[in-house]
Every structure is written in structure tokens, then in C-alpha cells.
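All values reported here derive from a predicted model rather than from experimental measurement.
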Amino acid sequence: MRGNKLSGLGQQLFFVGPALLFFTIVMIIPFVMGMYYSFTDWNGVSGNVAWVGFDNFKTIFTNDSDFWSSFWFTVRFTLLGVVLTNVVGFFLAYFLTKALKTRNMLRTIFFMPNVIGGLLLGFIWQFIFIKGFATMGDLTGWSFFNLPWLGDATTGFWAIVIVFVWQSSGYLMVIYIASLNNVSKEVLEAAQIDGASRSQTLRSIIVPLIMPAVTVGLFLAISWSFKMFDLNLSLTKGGPFKSTESVAMNIYNEAFLNNRYGLGTAKALLFFLIVAIITVIQVRITKSKEVEA
């Protein structure tokens, strides 16, 4: 009996051990080291690491307006990005689960932006905003195309939102398609027989039954929005005058451009705790609304 237990433990270590080892090296150890460095004054290069306790966190809360400006920008971007991405992804899925001849092709088209790297996608849209929109403005005379899309704080914010939603909604569309296909046809037919309209069926039957997909979609969108960096870097670089700088970019600039690695990791740790609390609350709320068919 004891030999069987040992052999079972050996099998688990054989199959799970390598993954656990690499996860520890790549994720756990850097995270613990980051927690340590957040309490130090280190420039990221020298061997001198001075312990400063909570001074970095005091600096963040009392003397770092740029961080809180970037945090407020990220919060506004996240609120819009999460809502729009899930709404667009859901309605794309809703219409592409209908009996359309071209639905497979349309699914592929809407999903394709998600497979393009964020930096490359940002540079493509940078060309569209600067060159493409200017050409369309000259041809049509519409002032919409002649706006300073990447040169103003307001339009720069909306430019990042547009590109983010365009990139991410296709992925959530796939999740919602899988969930919609699992909705019982008998339940929908019963609702139709009882005289429920399409909007009533959607609101009172379909949405409650796909709440597990909504939970996943909201979780992913919150995670993507808060840690958005590549689109921010390639589209606006945080400009003009840091008005479109995300928290991720602020942390990157602090650690790797300003050579204040200790302060940068303190910001990263604080940001991690905030995002973790928000996502836990979101998951608890949406999980409580899930129902069974």
C-alpha cells in the first residue's frame, strides 16, 4: 500500500513537477522578489539595494500625481473597454449564431484582429488615424476624420478605446458563441409559444443562462483593460503630456526609463492588489447571478 502511494507521488511529480518548477521560476520567484524590491531604493542596475521600508508607498500616495493621473485614465478606459467589448462581442455572437450562410467567414473576420500582436496592431491603426483618416477627410469633407485623433487628450483616449474594442471583442465573441449554442432549444421554443418577444427572451432567458460566459468575459476584459500597454505605447506613447498614459506605461517608465526600480515595483504591487480586489468582487457578483437551465 505504501509502495503504491509512493509510486503515485512519483507519477505526479513526473507529470506535474516540470510545469510547477517552471511556473515557480517564471512567476512565483519574480513576484516574491518584486515584493522585496518594492521596499527598497534600487535603480535596477547597481548591486547596492537600500532598504527604505514604506517610503516608496508614501511617495506614491503623497507625491506622485502622475501615477494617479494614469490610474484615473486607466479606470476610465477600463469602464468603457469592459462594457463595449462585452456588448460588441455578445451581439456579434448573437447574430452569428443565426442561420447565415456567411457566418463562419464572418466569425473568422471578426476574430482575426485578436491574433495580431498589440504593437503591430497599434502601428497599423496609427497609420489609419494619421494618414487614412486625413485622406477620408479630404475626400468627404467630414470634420470627424480631420480630428487630431492621436494629438489630443480626448480623441487620443477614444482612439485607444476604439482599437482595443476592435481587437478584443472577437475573442469574447467566440466565448459567447459557445455559450449561446449550449442554450436549450426547448426553453427558447417554450418562451416563443408563451408569446415572449425577442427582447424579452434575450433579457429574461438567454442572458441569465449564459451568465458563466459573462463572468469569464468580464474577468478577461477587466484584466486586458487594466494591464493595457502595447496599444498605449504604439498609438500615443502616453502623450500628449502624459494625458493618455496608462498605469502599466507609468510603471514601465518609472522602472526602466527613470531607473527607479524600487518605486516602480511598489507601484506594480499596489496596482496588482487593486486589480485583484476588483476582479474578485466582479467574479463574486456575476457568479451569484448564474442560474441553471
Practice problem: Can you establish whether the number of heavy atoms outside Q192 located under 6.0 Å from its atom CD is more than 12? | Solution: no
Exercise. Mind checking the CD1-CD1 spacing from I210 to I177? Nearest 0.5 Å is all I need.
Key: 11.5 Å
Self-check item: Shortest non-hydrogen separation from M228 to I160 and the atoms involved
Solution: CE-CG2, 3.8 Å
Quiz item: Do any N or O atoms from the side chain of T40 and from the backbone of Y37 form a donor-acceptor pair under 3.5 angstrom?
Solution: yes
Quiz item: Centroid-to-centroid, F144 to W149, below 6.0 Å?
Solution: yes
Practice problem: Evaluate the criterion side-chain contact (heavy atoms from CB on, under 4.5 Å) for residue pair I205 and V187; output intermediate values, then yes/no. | Solution: CA-CA 8 Å; I205 298 176; V187 174; 3.7 Å; yes
Quiz item: If only atom types and distance count, is the side chain of S223 paired as donor or acceptor with the main-chain N or O of F219 below 3.5 Å?
Solution: no
Quiz prompt | Minimum heavy-atom distance R203-P208, with the two atoms named | solution = O-CD, 3.4 Å
Quiz prompt | Flag, side chain of T97 to backbone of Y94, donor-acceptor distance under 3.5 Å | solution = yes
Practice problem: Assess whether side-chain hydrogen bond (donor to acceptor under 3.5 Å, both in side chains) is satisfied between S38 and T265, documenting all intermediate values. | Solution: CA-CA 5 Å; S38 65; T265 52; 5.1 Å; no
Self-check item: Plane angle bin for Y252 and F256 - parallel if under 30°, tilted between 30 and 60°, otherwise perpendicular
Solution: tilted
Exercise. Taking all non-hydrogen atoms of both residues into account, name the closest pair between L121 and P113 and its distance.
Key: CD2-O, 4.2 Å
Exercise. Flag the pair F157 / S243 as yes when at least one side-chain heavy-atom distance between them is below 4.5 Å, and no otherwise.
Key: no
Self-check item: Within 6.0 angstrom of N181 CG, more than 12 heavy atoms from elsewhere
Solution: yes
Quiz prompt | Nearest-0.5 Å distance that lies between atom CD in E245 and atom NZ in K237 | solution = 13.5 Å
Quiz item: Is the shortest heavy-atom distance from the side chain of F111 to the side chain of V174 under 4.5 Å?
Solution: yes
Quiz item: Under 3.5 Å, is there a donor-acceptor pair between the side chain of N114 and the main chain of G170?
Solution: no
Self-check item: Validation row: F164, L80 side chains within 4.5 angstrom (heavy atoms)
Solution: no
Quiz prompt | Non-hydrogen atoms of G151 and P240 that approach each other most closely | solution = O-CG, 3.6 Å
Practice problem: For F54, look at atom CZ and say whether over 12 heavy atoms of other residues, nucleotides or ligands are found less than 6.0 Å away. | Solution: no
Quiz prompt | Polar side-chain atom of R103 near backbone of K98 as donor-acceptor pair, under 3.5 Å | solution = yes
Quiz item: Sub-3.5 Å donor-acceptor pair from the side chain of N43 to the main-chain atoms of S46, do we have one?
Solution: yes
Quiz item: Can you check side-chain contact (heavy atoms from CB on, under 4.5 Å) on L235 and V163, steps first, answer last?
Solution: CA-CA 9 Å; L235 280 172; V163 179; 3.9 Å; yes
Quiz item: Which heavy atom of N56 sits nearest a heavy atom of V52, and at what distance?
Solution: ND2-CG2, 3.9 Å
Self-check item: NZ (K101) with more than 12 external heavy atoms under 6.0 Å
Solution: no
Quiz item: Distance from L21 atom CG to I25 atom CD1, nearest 0.5 Å?
Solution: 4.0 Å
Quiz item: For the side chain of E254 and the backbone of L263, is there at least one donor-acceptor N/O pair under 3.5 Å apart?
Solution: no
Quiz prompt | Ion pair R260/D41, N-O distance below 4.0 Å | solution = no
Quiz item: To the nearest 0.5 Å, how far apart are CG in D64 and OG in S70?
Solution: 8.0 Å
Quiz item: Do F90 and L180 come close enough that some side-chain heavy atom pair is under 4.5 Å?
Solution: yes
Self-check item: Pair S179, N182: side-chain N/O donor-acceptor within cut-off below 3.5 Å
Solution: no
Exercise. May I ask you to decide if the ring planes of W125 and F129 are parallel, tilted or perpendicular, using 30° and 60° as cut-offs?
Key: tilted
Practice problem: Would you tell me whether T236 and T244 have side-chain atoms, one donor and one acceptor, within less than 3.5 Å of each other? | Solution: yes
Self-check item: Over all atoms of both residues, closest heavy-atom pair of M35 and L269
Solution: CG-CD1, 4.1 Å
Quiz item: Out of curiosity, F145 CZ to S143 OG, how far, rounded to the nearest 0.5 Å?
Solution: 10.0 Å
Quiz item: Is the distance between the ring centroids of F91 and Y176 under 6.0 Å?
Solution: no
Quiz item: More than 12 heavy atoms of other residues, nucleotides or ligands under 6.0 Å from CZ of F133: is that the case?
Solution: yes
Self-check item: Side chain proximity check, F77 to S225, heavy atoms < 4.5 angstrom
Solution: yes
Quiz item: Going only through I, L, V, M, F, W and Y residues with side-chain contacts under 4.5 Å, is there a path from W158 to W72?
Solution: yes
Quiz item: Rounded to the nearest 0.5 Å, what separation is found between the CG atom of L188 and the CD1 atom of I206?
Solution: 5.5 Å
Quiz item: Only one of N253, V247, I251 forms a side chain to side chain contact (heavy atoms under 4.5 Å, CB included) with M249, so which one is it?
Solution: N253
Quiz item: Linking I/L/V/M/F/W/Y whenever their side-chain heavy atoms sit closer than 4.5 Å, directly or via other members, would L270 and V280 fall into one cluster?
Solution: no
Exercise. Kindly work out whether a path of hydrophobic side-chain contacts (I/L/V/M/F/W/Y, heavy atoms less than 4.5 Å apart) joins M112 to W166.
Key: no
Quiz item: Any side-chain heavy atom of Q167 within less than 4.5 Å of one from I116?
Solution: no
Quiz item: Between S288 and I285, is there a donor-acceptor pair closer than 3.5 Å when you use the side chain of the first and the backbone of the second?
Solution: yes
Quiz item: Just wondering, do F67 and K267 contact through their side chains at under 4.5 Å, heavy atoms?
Solution: yes
Quiz item: Are I130 and F127 linked, directly or through other ILVMFWY residues, by side chains that come within less than 4.5 angstrom of each other?
Solution: no
Quiz item: Hey, does the side chain of T85 reach the backbone of V82 with a donor-acceptor pair shorter than 3.5 angstrom?
Solution: no
Quiz item: Are the ring centres of F31 and F272 closer than 6.0 Å?
Solution: yes
Quiz item: With a 4.5 Å heavy-atom cut-off, do L150 and T155 have their side chains touching?
Solution: no
Quiz prompt | Verdict with supporting geometry, I175 and L220, side-chain contact (heavy atoms from CB on, under 4.5 Å) | solution = CA-CA 11 Å; I175 296 175; L220 290 175; 3.7 Å; yes
Quiz item: Backbone N or O of S246 within a donor-acceptor pair of the N250 side chain at under 3.5 Å?
Solution: no
Quiz item: Should L96 and M173 be marked as a side-chain contact (heavy atoms from CB on, under 4.5 Å) after you check the CA-CA gap, both sets of side-chain angles, and the distance that decides it?
Solution: CA-CA 9 Å; L96 292 180; M173 174 196 70; 3.7 Å; yes
Self-check item: Aromatic plane relationship, F71 with W68 - under 30° parallel, 30 to 60° tilted, over 60° perpendicular
Solution: perpendicular
Quiz item: Is there a path from F22 to I28 through hydrophobic residues (I, L, V, M, F, W, Y) whose side chains come within less than 4.5 Å of each other?
Solution: no
